[in-house]
Amino acid sequence: MNLFADIRDVILNCLDQLVAEGVLPGGLNTDPITAEPPRDPAHGDMATNAAMVLAKPAAMKPRDIADALAAKLTDDPRITSAEVAGPGFLNLRLAPSVWQGIAGAVLAEGTDFGRGSLGAGRRVNVEYVSANPTGPLHVGHTRGAVFGDALASLLDFAGFDVTREYYINDGGAQVDVLARSVYLRYLEAHGQEVAFPDGTYPGDYLIAVGEALKAKVGDAYLDKGEQFWLEDVRNFATDAMMDLIRADLKSLGVEMDVFYSEKSLYGTGRIEAALEDLKGKGLIYEGVLEPPKGKKPEDWEPREQTLFRSTEHGDDVDRPVMKSDGGWTYFAPDIAYHYDKVQRGFDLLIDVFGADHGGYVKRMKAAVSALSGGKVPLDIKLTQLVKLFKNGEPFKMSKRAGTFVTLRDVVDQVGPDVTRFVMLTRKNDAMLDFDFDKVLEQSRENPVFYVQYAHARVSSVLRKAAEAGMSLDDAALAQADLTLLDHEAEIALLRKIGEWPRLVEIAARTNEPHRVAFYLYELAGEFHGLWNRGNEVPSLRFLQEDNPKATMAKIALARSAAIVIAAGLGILGVTPAQEMR
RNA sequence: GCACCCAUAGCUCAGCUGGAUAGAGCGCUGCCCUCCGAAGGCAGAGGCCUCAGGUUCGAAUCCUGAUGGGUGCGCCA
């Protein structure tokens, strides 16, 4: 159930009646009409802009519409009052039973409360991480992984049929570099002294791979030219790297549905097929690009290349799909990959890239637009940089200095739950500060702690109730007399809980999972606020001695909050805490 | 040179398909514990929403331009 949608329907019905009665003209566009929580709770429980939105098209004064609408609305038993305010807002007050019913709905539906129908079963493919299989994941990948995973879960919760996908860049030159680097480690495993020239990967993580290669092939590749070992070592090494990456992802709790290999596109005619499709649309041609302005094009020489006319689909310049030496550019397999996604019948595609790939957004969108005939939207979300701090001091990340911070470093130090939550406390397109010390602080300043603490407090209440002999499962709590929850502070918490379905819809529509994190912080704030009121007002405490009926109702409320927190944390991929330590 | 992202309180940031007096945390000021719910609570001060135009009944939100910061820009992925 979504209370805001329900009340909006009531408003629309009333408007229909007014049209039928001739008060309002017919044929009005009702799309802009909203039912939303008012900024100031003193204004009531819900506000609608209907009168203001309709005033102009209906050629009437907002107040006249508002007055007529108000009279109709109060016919509904759920709406106790409707007041015209400000420039023409209609502030509604709802019967307490409406809010009390929220707790009942949450207890009945459990963590499915708020599950939406926005997606309507449409199939969406969310591609994220997609790091090159040349080493362990670092902090930047971590943000992309957390963001993509939370977005996928959010869309699932909003009613989409979600596929989580990882594109393995195992077809380009960088995996040859990887193979050569592993070969050096292989020689090293055989006792040889080796140096790592520029353009190879010197990381320690390849030592074990070199040894594993030795264990597999013995001395078969010693003193042999590349032509003897390159392909085999490349496969061996990329498999090893993907195992490493999969393990990294697992430590964060990320599990992909599909790992899609770039290599599988080569030599199978699939790149050719995708480009043939574009060619058939007249979007492939031979031409020479202008040199980029600004940077000195010292080594620039005009060359004729095979180009994709991406400017036809909103890009700034056309993009090469074939190098002057006749090989594919990286863009060609990317086109083929997205062609494949379109062919697989997804209704919507989402790519999550790091900010350094911002330059590819337009061309990828152009490609998908062209390939799908504009039918399949591609949304590309960029995750901005993560700046690391330790004790408030910037923490520089450098491969050379050996302070290369990996996903594993972060997860080992602060745990997957904290990592995930903190990574989602910013919009994806803003930079994020990540302080190893602050994220572990236990204070209101730390949203992870604050939200977890709220959930743990509810668990604590339930434990204490159990000790007092009140064993209460959700089904039993649903039988509680919720009309006892009549205090303004209790209604305030119910009101916040009631916003959850609406929040899910907004977050899913905008592809912004960080909204869930902020909502949970607010919800936790309401809960802690109620808890604290219990210090001064004993009747607000959750456990009421010698009054099992009231206790039952209050626990039902607390449990409802905990269920929504658990559902929200579930979307973020964070485990709700039963107790704080 | 061009493209994309960012700019909101002293600091770090929220702010819904445009809505009412722009919010939170931290910091600051002042109150509140002899135990039982203070790893806290209550209250207050603090704003030209970077700037200049425009659209609108109404703009932090949309459009145009400027300024400052970030990222990227053929034959790497």
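Chain A is the first sequence line, chain B the second, and so forth, proteins listed ahead of strands; every chain is numbered from 1. Heavy atoms only: backbone and side chains are in, while hydrogens, waters and symmetry mates are out.
- For B:rC76, the OP1/OP2 oxygens have a side-chain nitrogen or oxygen of A:K323 closer than 4.0 Å.
- A donor-acceptor contact under 3.5 Å is not formed by the side chain of A:R515 with the base of B:rC16.
- Scanning for salt bridge (Lys or Arg N to Asp or Glu O under 4.0 Å) contacts around A:R309 gives an empty result, with sequence neighbours left out.
- The salt bridge (Lys or Arg N to Asp or Glu O under 4.0 Å) search around A:E36 returns A:R502, not counting sequence neighbours.
- A:D379 is linked by a salt bridge (Lys or Arg N to Asp or Glu O under 4.0 Å) to nothing, counting only residues two or more places apart in sequence or in another chain.
- If you check every strand for non-hydrogen atoms under 4.0 Å, A:E522 touches nothing.
- Here B:rA20 presents its C1' atom at 13 Å from CG of A:L90, a figure rounded to the nearest Å.
- At a threshold of 4.0 Å, the pair A:K496-A:E522 counts as salt-bridged, since one of the basic side-chain nitrogens sits closer than that to a carboxylate oxygen.
- One can place CZ of A:F449 at 7 Å from P of B:rG40, the figure rounded to the nearest angstrom.
- Paired regions of RNA chain B, where each region holds three or more successive Watson-Crick or G-U pairs whose two hydrogen-bonding distances fall under 3.5 Å, are B:1-7 with B:67-73, B:10-13 with B:23-26, B:28-32 with B:40-44, B:50-54 with B:62-66.
- Between A:D45 and A:R495 there is a salt bridge, since at least one side-chain N of the basic residue sits less than 4.0 Å from a carboxylate O of the acidic one.
- Under 4.0 Å is where a charged nitrogen must lie from a carboxylate oxygen, and between A:R515 and A:E512 at least one such pair does.
- Of all nucleotides listed (B:rA39, B:rG74, B:rG70), B:rA39 comes nearest to the side chain of A:Y453.
- At whole-Å resolution of the value, CD in A:E36 and P in B:rC16 are 10 Å apart.
- No engagement by A:R533 is indicated, since no non-hydrogen atom pair under 4.0 Å with the nucleic acid exists.
- With sequence neighbours excluded, the residues that form a ring-ring contact (aromatic ring centres under 6.0 Å, His included) with A:Y453 are A:F449, A:H528.
- Nucleic acid contact for A:G172: sugar-phosphate only, since backbone atoms but no base atoms lie under 4.0 Å from a heavy atom of the residue.
- Taking the C1' atoms as reference points, B:rG30 lies 41 Å from B:rU67, given to the whole Å.
- In this entry the distance linking CG of A:N428 with P of B:rA14 reads 10 Å, nearest Å.
- Residue A:A355 is in sugar-phosphate contact alone, with no base atom involved, counting any heavy-atom pair closer than 4.0 Å across all strands shown.
- The residue A:H357 sits close to a base: some heavy atom pair falls under 4.0 Å.
- With its glycosidic angle more than 90° from 0, B:rC36 is assigned anti.
- Side chain of A:Y521, nearest nucleotide from B:rG74, B:rG25, B:rG70: B:rG25.
- Here B:rC16 is the nucleotide among B:rU17, B:rC76, B:rC16 with the atom lying nearest to any side-chain atom of A:I506.
- Among the heavy atoms of the strands, none lies under 4.0 Å from A:F353.
- B:rC62 and B:rC16 have their P atoms separated by 9 Å, with the value rounded to a whole Å.
- For A:H141, the side-chain contact (heavy atoms from CB on, under 4.5 Å) test picks out A:A131, A:L137, A:H138, with sequence neighbours left out.
- With sequence neighbours excluded, the residues forming a salt bridge (Lys or Arg N to Asp or Glu O under 4.0 Å) with A:R180 are A:E226, listed by chain and number.
- Under 4.0 Å is where a charged nitrogen must lie from a carboxylate oxygen, and between A:D351 and A:K341 at least one such pair does.
- Atom pair A:F518:CZ and B:rC16:P shows a separation of 12 Å (rounding to whole Å applied).
- Regarding A:E526, its CD atom lies at a distance of 12 Å from the P atom of B:rA24, rounded to whole Å.
- Straight-line distance between the C1' atoms of B:rU8 and B:rA14: roughly 10 Å, to the nearest whole Å.
- B:rA60 and B:rU50 have their C1' atoms separated by 12 Å, with the value rounded to a whole Å.
- Of the two residues contacting RNA chain B, namely A:M431 and A:N532, the nearest-nucleotide position lying further toward the 5' end is that of A:M431.
- In the set B:rU17, B:rG15, B:rG74, the nucleotide with an atom closest to the side chain of A:P320 is B:rG74.
- Among the protein residues, A:A507 comes within range of no part of the nucleic acid, since none of its heavy atoms lies under 4.0 Å from any strand.
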Fill in: Nucleic acid footprint by protein, nucleotides 2-12 of chain B - heavy-atom cut-off 4.0 Å, B for base, S for sugar-phosphate alone
-SSSS------
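- If you check B:rA14, B:rA20, B:rG25 against the side chain of A:N91, the one that comes closest is B:rA20.
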Indicate every side-chain donor-acceptor pair of residues 313-320 of chain A with a distance under 3.5 Å to a residue at least two apart or in another chain.
residue: A:H313; atom: ND1; partner: A:S369; partner atom: OG; Å: 2.8
residue: A:D315; atom: OD1; partner: A:R319; partner atom: NH2; Å: 3.2
residue: A:D315; atom: OD2; partner: A:S310; partner atom: OG; Å: 3.0
residue: A:D315; atom: OD2; partner: A:R319; partner atom: NE; Å: 2.8
residue: A:D316; atom: OD1; partner: A:K362; partner atom: NZ; Å: 3.1
residue: A:D316; atom: OD2; partner: A:K362; partner atom: NZ; Å: 3.4
residue: A:D318; atom: OD1; partner: A:S310; partner atom: N; Å: 3.2
residue: A:D318; atom: OD1; partner: A:T311; partner atom: N; Å: 3.1
residue: A:D318; atom: OD1; partner: A:T311; partner atom: OG1; Å: 2.7
residue: A:D318; atom: OD2; partner: A:Y285; partner atom: OH; Å: 2.4
residue: A:R319; atom: NE; partner: A:V317; partner atom: O; Å: 3.4

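- The residue from A:F259, A:Y128, A:Y337, A:Y330 that alone fulfils the ring-ring contact (aromatic ring centres under 6.0 Å, His included) condition with A:Y167 is A:Y337.
- A:K390 is linked by a side-chain contact (heavy atoms from CB on, under 4.5 Å) to A:F395, A:Q413, A:F436, A:D437, counting only residues two or more places apart in sequence or in another chain.
- B:rG47 and B:rG23 have their P atoms separated by 14 Å, given to the nearest Å.
- Atom name C1', nucleotides B:rG70 and B:rC76: the rounded distance is 22 Å, in whole Å.
- Straight-line distance from the NZ atom of A:K438 to the P atom of B:rC13: 10 Å, rounded to whole Å.
- Each of A:K464 and A:D334 has a nearest nucleotide on RNA chain B; the 5'-most of these lies closest to A:K464.
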Output one line per pair: protein atom, nucleotide atom from nucleotides 56-64 of chain B, and distance, for all N/O pairs under 3.5 Å.
residue: B:rC57; atom: OP1; partner: A:K56; partner atom: NZ; Å: 2.6

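- A:L289 has its CG atom 15 Å from the P atom of B:rC73, to the nearest Å.
- Residues passing the side-chain contact (heavy atoms from CB on, under 4.5 Å) test with A:L385, sequence neighbours excluded: A:M431.
- Using atom C1' as the reference point in both B:rG18 and B:rA3, the two lie 27 Å apart (nearest Å).
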Item to complete: Check step by step if side chain to side chain contact (heavy atoms under 4.5 Å, CB included) holds for A:V516 and A:L503.
Response: CA-CA 7 Å; A:V516 174; A:L503 186 281; 4.1 Å; yes
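- As rounded to the nearest Å, B:rA43 and B:rC6 have P atoms that lie 35 Å from one another.
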